[in-house]
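For reference, the structure discussed in these notes is given below.
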Amino acid sequence: FCRRYSLLSQSSLRSMAANDNAGMTTEAAASETATDTTVSVSTKGLKSGGTLLISGGAVTVDSADDSIHAGSEITLSGGTLTLASGNDGVHSDDALVISDGCIEITACYEGLEGSTIDLTGGDVRLTASDDGLNATDASNDDNSDGSFRPNDFEAVEGVYIAVRGGTLWVDASGGDGALDYSGDGVITGGTVVALGSQSMAQNFDANSTQASVLVNFGNAIVAGAVVTVQDEDGNEILRVTGTKQAQCMVISSPDLAVGK
């Protein structure tokens, strides 16, 4: 089933309150409604000026701007999210933490964005026209006028991507690759398959405790191409079927081992 929610600005709510209070004096009514001249407009889906938590339920968003946006930390700890966005799928001006749930981003500019991105659990699958994951200083992205400006800010030192569990599938087309971070990119658990461009492609860094592989294809693979990872004895560890043309792939799994 689908529930429709009407999101009202504070000024709209004040106008409703003024209309409901029919018994107030003319002077009081005029005073109450005198400032109700500005309507806040946003093309974001779910938006919070502070923190935002989703711990369950089913959420479907198709938005011109960010599908989920917060001025502070976002925590996704459960539920089923189906998102389509003209900008970011999930954008935090601070930390983005995903610990559980099923998240599918069918279309977006950048998939997951925040100053820090922590994935400790859950199942995330996203298709992006630019970066799949982008860890950057998001605090200077001023969209107070309700408009959006894709890739409005540059990555800086001190931010990170950390994957400690869960499953992550990235289908990206950006010039910066499927993973984009200027600080640390660490993986200690979970399974990651990230398809993207060779331009500025990044693997997880040397601080990781789980093995990962970055493969640059001499010829771009096409949609439907099958890539398998085998151990030294020829046993299949991981099988990936490409969903689009890709020049680069990052793979990580608990079953991978260096030299094996």
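- Proximity of a side-chain donor or acceptor of S72 to a complementary backbone N or O of T51 within less than 3.5 Å is not detected.
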Y109 and D131: CA distance, side-chain angles, deciding distance, side chain to side chain donor-acceptor pair (under 3.5 Å) verdict: CA-CA 7 Å; Y109 183 72; D131 303 323; over 6 Å; no
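- I161 contributes atom CD1, which lies 10.0 Å from atom CG of D205 (distance to the nearest 0.5 angstrom).
- When atom types are taken as modelled, the side chain of K44 and the backbone of A70 share no donor-acceptor pair closer than 3.5 angstrom.
- Using modelled atom types, one finds a donor on one side chain and an acceptor on the other under 3.5 Å when comparing T243 with D171.
- Atom CD of Q230 and atom CZ of R239 lie 9.0 Å apart (nearest 0.5 Å).
- Distance alone, capped at 3.5 Å, is enough to place a donor-acceptor pair between the D66 side chain and the D88 backbone.
- For T75 and E73, the side-chain atoms include at least one donor-acceptor pair closer than 3.5 Å.
- Rounding to the nearest 0.5 angstrom, the gap separating the CD1 atom in I105 from the CG atom in L112 is 5.0 Å.
- Note that CG of L238 and CD1 of I251 are 5.5 Å apart. Values are rounded to the nearest 0.5 Å.
- Closest heavy-atom contact between S212 and L256: CA-CD1, 4.3 Å.
- Formation of a donor-acceptor pair under 3.5 Å by the S85 side chain with backbone atoms of D65 is found in this model.
- From D231, atom CG reaches atom CD1 of I237 across 5.0 Å, with rounding to the nearest 0.5 Å.
- A donor-acceptor distance shorter than 3.5 angstrom exists from the side chain of Q198 to the backbone of F217, with no hydrogens or angles considered.
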